Amino acid sequence: MANANPVWEAIDETPTTRPRRLVLEVVHDWVTTVDHKKIGLMYIAYALIFLVIAGIEAMLIRIQLAVPNNHFVSPQVFNRLFTMHGTTMVFFVGMPILFGFGNYLVPLMIGARDMAFPRLNAFSFWISAFGGILLYFSYIGGSGLYGAGSAPDIGWFAYAPLTAKVFSPGHSTDYWTLAVFLSGIGSVGTALNIVTTTLCLRCKGMKLSRMPLLVWLYLVQGGLVFVAVGPLTAAQIMLLLDRYLGSHFFDTQAGGSAVLWMHFFWIFGHPEVYVLVLPAFAFVNEIVPVFSRKAIFGYPAMVAASVGIGFISLSVWAHHMFTVGLGAAGNTFFVFATMVISVPTGIKIFNWLATIWGGKIIFAVPMMFCVAFLFQFLIAGLTGIMLSAAPFDWQLSASYFVIAHFHYVLVGAILTALFGAFYYWYPKVTGRMMNETLGKWHFWLFIIGFHLTFDFMHIPGLLGMPRRIYTYEAGRGWDNLNLIVSIGGFVQAIGILIFVYNLIRSRTQGDIAGHDPWDAWTLEWAVPSPPPSYNFAVEPTVNSRRPLWDLKHPEDPDSDYE
Amino acid sequence: MTPALLQRRSRFATPARALFCGMSLFVGTAFAKSPALSPTNMFDAAATPAHSIVGLSTLVLSVTLGIFLVVGGLLLYALIRYRHRPEDSTREPAQIYGSNQIELSWTVIPILIVVMLFLSTTRIILGTEAIPKPASALDVTVIGHQFWWEYRYPKLGIVTANELHIPISDPSKPTPTYLEMSSADVAHSFWVPRLAGKMDVIPNRLNTMWVDPPQPGLYLGQCAQYCGTQHAKMLLRVYADTPEQFAAWAAQQKQSAQQNLTNPVAAEGREVFLHSACINCHTVAGTIANGRFGPDLTHLASRDTIGAGPIKNTPENLRSWIDDPNIMKPGALMPSMHLNQHDLDVITAYLTTLQ
Amino acid sequence: MSQTTSTIPITASGEPVWELPSRGVVGMACLIIAEAAIFIIFVVAYIFYMGKSLSGPTPQQVLELPIFGTICLLSSSFTVHYAVSALRKDNLRGCILGLGSTVLLGAIFLATTAQEWYHLIHDHGLTITTNLFGTTYYSLVGLHATHVVVGLIMLTLAFGLALRGNVHEAHSEKLEVLSLYWHFVDAVWVVVFLVVYVIGR
Amino acid sequence: MDEVTRIQQQAQHGHAHQADTVHLPEPTAMPMVLALGISLLITGMVTHWVISLLGLIFTLRAIVGWFFDVFPHEKHIDVPVEAGILAITTTRTTRDQLPVSADHRKLLPVETFSITSGIKGGIAGGIAMIIPAAVFGLARYHSVWYAVNLLAAGGFVRWAGESNAFLAQFHLEGLLAATGIHALTSVLIGLLYGAMLPMFPRKPILTAGFVAPLLWTGILYSAIGIISPILNDRISWRWFILSQIAFGLVCGFVVNLQVRVRTPQFRALPFAVRAGIHSDNIEQIEQIEEAEKTKPVDKKDDYV
């Protein structure tokens, strides 16, 4: 069987000597680029920097809460920490990193040479990046250039009227508003680009019914961004008008309504969760089949479920407001809408299960992360069902149970799937594999840390611990639990440091990957690693959902069956 | 690449084993000193709304646990059963695209579960929010302030702060307490887990909730909606009294502050108090102090705590609090009045007489 | 780029006809959806606060139907449509005429709005800080007016280029995208008109 | 040297020269400058108006620059490309494939049942179920409305304390609520029957008529206290089971009417195959794999 294994070294595409260039030239290159791959990478790099910053904030929060009556940070500092942590993680880590992957992968997967609007793409990236910088500039210039710095301390959902000029004097709240506003412009721009690219630049034969599920999910995500970010932007304009021109949108003294802000914010806020989680589904949809060596089970159902989740997610926002006093009728409606969303979500989980069933599962690091994703997302979904039962939510909302629940979604599902995606597509981006052993250390430390933190975080919520408190009394039964949670946080941090080290080290010392290291089936694996600036030398034509399967199995192509 | 990976399966297990051992050891020791039962455990329900929530929670928890066991078990089984073993051939497994019948089944079963959960949830919602208020109910107006609670009993003519007294409710002739809630500044949330779920306290809006604890006792809780710097120390103390205790307490609270002080130190303290800025924010019934911005002090000494819960009401603590509230509760809106030591002493002496 | 080989599937068959939508139109449609979401929120706020002002003046007292401006703005939709179809037929003169009248009609609309605001501020003392009506009215109508201004700037630019003869048939798609935006601005005005001047009064 | 490597090296050394260029948009700093301009414009709001002025200048400059990037023609650069088609290479392509059979890769199972059969079954079962329920009401409380109101009472908290006489009367809201609940669950369960009955091997009618109702009743019995306490207080489990069985039998019968009878081979298949998440030629594969394991060929070199 001498011909079994082509020797990968034979196609080493990484040039060994590169002409040295001036730093300035390199910078100029990146600043002026309109290439979707470079912009995608910039998105990811910038998100990773903010991930580390927001991670440090999380660690400071956990040190403060590790023991009761702690004086590690002052209440003001603590309130700023959780505000910045939440805002950063949602707007300057979650969205950009997922848009980065989308930018990089969507054109490659649909056989396009670039995004539909390359310059708009660059603009969207830069404006979100400047938004992040503006937010952190508040630490220096929170009261304008005249006074001492003060970061916003209003919580990431900035409930009115705490944001009113009376209760938040100075400019710290404006920093929050304006930074998120800028990031919103960038998000809409990128989403617009992704949707247009998907609809208008598909290669020949790439019908909608043949698009990789990742592209489908990014399409739905893009649609959600339009309808979700718009309301937030509108609400922020109102808030700015209130603060700068003295209007009364959220001014309760002049008859304004605090609840209106809650509605507007959560009309954005809940779809936002799906904006973040749909790409995570997208990664899992690509990775699980490849490592189970099977086609995705129930492709049409998966597409329908994704679109269904997109639509239903627009009608569930007020489940964040069960304790606001919506009245029995309002509560009942939102209970129903929220519970219904578990049906398409369930379909997804079952279809992944069926994809794995009967396969030959290879537990490489990307797949390990996806397996962890499946379990953790299952638990996150089930705690979500608990929260959707409004009376249960009257106890749990704004408690540590909710914190644990949404971190289960954001960390246990999204971040975990993202790590899988990093290990999976790294070889495509750099031409080199990430180190497996380090990857496994990263995996286990991260997963164990995660479960220490967020499994135990549910319990203080059941025992009456509300969110956003900078300290608590001893004797409430929260002490040991919080200590475990804090320690788990640090275990996770170590895992992530290993990941970052692996990311940097493998860039120069990883094994050469070749263009298709995972024996995968979608179009991005048909181009060299790293892909040339034009992606495809010849524009491809596809006949099925898995074009590379057809190439690899000419005697038994997918196109016969779809 | 892939096959080489499979050979190194043992390496994959090593970090896992080491870390798992560490974790179980750690969790074991942490729980060896089993934490005392929490005074704010939502499952330890002490009133009807909390009880019905516990009932619903149990149902939801068992349903979700069942789903978790079934789906998680299947997932685990599939992962083990269908893992790629080193001795397996590298041939691709059968490619299966889907199955209408199984997909239909796992769409319909969740819908059925949802319908069932929805019906039971609706019933609890209606049973808590949409039932008529009995005539025997006691009304209390709750007003949230940055970082303390104001309680007004309109029918009894009582105004107090931070410590809510309610009568117990005998299930055979219920006397529930209805809380009408609003806020003077930003949004807060009233949460006493053993009595009921939380209800937000929002400015320019009136929310209602009710509680009916059958057993006397002290029920703890705290503000559950982020409301600014000292959100953490905006605690709730609800005292459920027997009817006799409650009547006695109400009678005492209705009185004005004592006018003829026998203690000369306290009398001097009163003069200092009434001539300082204290009266701009605080009320002491029967004197010229009628500020509304801070808590009513008429019966301050009858309360167990100061500073909205976190500080025991002792003369030393009270003195320290008056000296500079920001030491015990940084961010509290009461400013330090920069009183001299003598004035501090006499004001403290005066305030301790406000029974 | 030294390495250029690839394993791209280019099997012959494929689809006989492969047509995809124009990216300009799709992009503009996406933008319109996002903008519509913003407008909906402002309209909802307007409706929510209708009649909740704690003090006067009320819309009944001060608002008048801006019939003339509305007619101008709505008819500009037809003229911009005419400009696009003229350009498609490579009728540059028709295109200039269409664009010119669109700009003119849009400017008249803006002028009527400005006059209305002047009237409200100067004669009735209604500003954005006066009450909830002022807050929601100025922000909703102002947001729409901002969009009119942006559209007018772009239309003026197109008009100028057309006058200089730099525009020809190849640009008809770009002009169509611009006209889509203008139609959207008009459609929003219909909603604003109904909510503010018909229902709200 | 094998064929694949040869092709690769050919391609690498450029035997398949196809000198050509690809149009790509020209790199431009204008998007970045525009973003910076807008950001500074906004930053002025929290710092100083001079910053806004600076931002305005940047913004205007960028808008002009951007305009000339795309008008009258989009600026582009030509990237040279040498296209050579390379044969796909993976670790698996040279493997023996299974003989391609018709049912190797499909939507499984080969035949499924139309959704309408389940809905029909559900409707029929739902109607059948009314009869024992009505009989129960008549026999115990001399009213057909009793069972209806009892079902509806789950949603009406006010009814919790009502008397039997009240429940025996006709209430329109009760009828509507009960009809809604009943119709919805009947159709859903019918759908489920339509989908799942064929998965069970012997006498599906038995499963449908007795096993499922008993199972369902058991689950409900443990949870009814929370779902609907009023129902829990007054339910007669004997009649309840009876009506469930009526539903199951009729629904199963109707569904089965629409179902083609399965071959004995189908019944012999393992559950996963009947459920359709597993290929039905699994045994065939296992046999082949078994045969390969005993082959003398040294498979180790696959992994080198």
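Being a predicted model, the structure only gives us computed values, none of them experimental. Residue numbers begin at 1 in each chain, while the letters A, B, ... track the order of the sequences.
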C:Ala37 to A:Pro231 - nearest heavy-atom pair and separation: CB-CD, 3.8 Å
Which atoms of C:Ser22 approach chain A - backbone, side chain, both or neither, heavy atom under 4.5 Å: backbone
More than 12 heavy atoms from other groups under 6.0 Å of OH on A:Tyr244: yes
C:Cys30 versus A:Thr196, closest heavy-atom pair with distance: SG-OG1, 4.2 Å
Heavy-atom proximity to chain C below 4.5 Å, by part of A:Thr197: neither
A:Leu192 side, atom CG; C:Arg23 side, atom CZ - distance, nearest 0.5 Å: 12.0 Å
side-chain hydrogen bond (donor to acceptor under 3.5 Å, both in side chains) against A:Ser247, all qualifying residues, sequence neighbours excluded: A:Asp242
Heavy-atom closest pair, residues C:Phe42 and A:Ala234: CE1-CB, 3.6 Å
Separation of A:His248 NE2 from C:Tyr49 OH (nearest 0.5 Å): 11.0 Å
Proximal component of A:Leu199, with respect to chain C [non-hydrogen, under 4.5 Å]: both
Top contributor to chain C interface from A:Cys203, A:Gly189, A:Ala191, A:Gly222 [non-hydrogen pairs under 4.5 Å]: A:Cys203
Spacing of A:Met238 atom CE and C:Thr136 atom OG1 [to the nearest 0.5 Å]: 9.0 Å
Which portion of A:Val227 sits near chain C, non-hydrogen atoms under 4.5 angstrom: both
Full working for side-chain contact (heavy atoms from CB on, under 4.5 Å) between C:Thr135 and A:Leu241: CA-CA 9 Å; C:Thr135 295; A:Leu241 288 175; over 6 Å; no
Residue selection (most heavy-atom pairs with chain A, distance under 4.5 Å) from C:Ala45, C:Gly134, C:Ser55: C:Ala45
Considering all heavy atoms, the nearest C:Ala34-A:Val188 contact: CB-CG1, 3.9 Å
Nearest heavy-atom neighbours spanning C:Ser139 and A:Phe249: OG-CZ, 3.0 Å
For A:Gln253 against C:Leu54, the heavy-atom pair lying closest together: O-CD1, 3.6 Å
Neighbourhood of chain A inside residues 109-129 of chain C, taking heavy atoms under 4.5 Å as contact: C:Ile128, C:Thr129
Contact class of A:Leu245 relative to chain C, heavy atoms under 4.5 angstrom: both
